[in-house]
Number of protein chains: 2
Amino acid sequence: MTDGTTIEQQLQAHGIHPTAARILVLQKLSELTHPVSMTELETELETMDKSTIFRTLNVLLEHHAIHSFEDGSGSTKYEICRCESTVCRVENRHIHFYCEECRRTFCIEDVKIPIVALPEGYHIETINYTVKGLCPECSRRQA
Amino acid sequence: MTDGTTIEQQLQAHGIHPTAARILVLQKLSELTHPVSMTELETELETMDKSTIFRTLNVLLEHHAIHSFEDGSGSTKYEICRCESTVCRVENRHIHFYCEECRRTFCIEDVKIPIVALPEGYHIETINYTVKGLCPECSRRQA
DNA sequence: CCGCACATGCAACCCGGTTGCAAACTGACA
DNA sequence: TGTCAGTTTGCAACCGGGTTGCATGTGCGG
């Protein structure tokens, strides 16, 4: 699901009926290099209603076109899924970093989530690995 | 900070002035074997006001007597810190499991958070490793 | 006993997320 | 092409976790 395909094709590949709203949201998410909150999307897409964004994100989530996770900021963050296939495996997911100073959330694309062995019986759906602390910029400023 | 010491002593060891509210909250957290939300604490401690619980939890957090983290439930969860020393190292922290079916959060005490190497410059404060999926009970029921 | 700093309760508030409902749109079919 | 059913969207209202301001209570040093 990387470049070469249009947003519309990406939606269809995930079995999502491509509407204006869905194209716009996915478009925006694919442009951004960092995860965003619903509120941030709201300001990026002023024409679109909050509830529409909310429902659109849910559709995209259900069809695994995007991921969501919680950094420690209080609001859920969303990012486009850049897997090759339409199903994204846990092993391919990267970790995130939340800076407690500037409150930005970073994708650490290079570092994949380490998978642990759980006790018998647990069925893993998804994993969230988020590090909190100071980003390079802020820790330099503090020093 | 394990057994043998009273709740009051534990508070003092963390440099916290032991008041009735703080003792009650820490007491409750030490009894419980699973992480709880503020709301859950509210119902457990009916006498105490929501805002008092909120501020108490913050005091306990600042002095590292407890931990907080977000499973995917929307509300922050709190659990007592069972480290030996007054400072709890990241390496000692365990992972959590959130069941999307029964909405319970489990401590997987046996499994410690795997530590990854971050790119230069990031300063780690804390890490949240939470697995979402089905707990043993619910996945058996579904089968 | 007084005064001060800190702790608590109450009520109001903020805001992210969520829902009900009516209008707008789309696509299938006559 | 016109019509109807199902889907999508916007609007407004709501919900609940979290947070704050302020007045009252409590404990301690002087």
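The figures here come from the full heavy-atom set of this structure, side chains too, leaving out hydrogens, waters and symmetry mates. Letters go in sequence order (proteins before strands), and every chain restarts at 1.
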*Derivation of the side chain to side chain contact (heavy atoms under 4.5 Å, CB included) call for B:Tyr98 and B:Arg104*: CA-CA 6 Å; B:Tyr98 176 73; B:Arg104 280 185 297 171; over 6 Å; no
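- Contact annotation: B:Thr52 reaches the phosphate of C:dG9 (side-chain N/O to OP1 or OP2, under 4.0 Å).
- Between the CD1 atom in A:Ile95 and the CZ atom in A:Phe97 there is a gap of 9.0 Å [rounded to 0.5 Å].
- Among the protein residues, A:Thr76 comes within range of the sugar-phosphate backbone only, with heavy atoms under 4.0 Å from sugar or phosphate atoms but none that close to a base.
- Here C:dT19 presents its P atom at 17 Å from CD1 of A:Ile53, a figure rounded to the nearest Å.
- In this structure, the side chains of A:Leu118 and B:Phe106 stay at 4.5 Å or more apart for every pair of heavy atoms.
- As rounded to whole Å, 6 Å separates atom C1' of C:dC10 from atom CG of B:Asp49.
- If you take CG of A:Leu57 and P of C:dG16, they are 14 Å apart, rounded to a whole angstrom.
- The CD-P distance, from A:Glu42 to C:dG17, rounds to 9 Å in whole Å.
- For A:Met38 and C:dC15, the CE to P distance is 14 Å, given to the nearest whole Å.
- In terms of phosphate contacts, A:Thr19 brings no side-chain nitrogen or oxygen within less than 4.0 Å of OP1 or OP2 of D:dT8.
- Rounding to whole angstrom units, CD of residue A:Glu70 and C1' of C:dG17 are separated by 12 Å.
- OP1 or OP2 of C:dA7 has at least one side-chain nitrogen or oxygen of B:Arg22 nearer than 4.0 Å.
- If you measure from atom NZ of B:Lys50 to atom C1' of D:dC15, you get 11 Å, rounded to the nearest angstrom.
- In this structure, A:Arg55 atom CZ and C:dT18 atom P are separated by 12 Å, rounded to whole Å.
- A:Thr39 comes within contact range of the sugar-phosphate backbone alone, with a heavy-atom separation under 4.0 Å but no base atom that close.
- Classification of the B:Tyr129-A:Tyr129 ring pair by plane angle, with boundaries at 30° and 60°, yields perpendicular.
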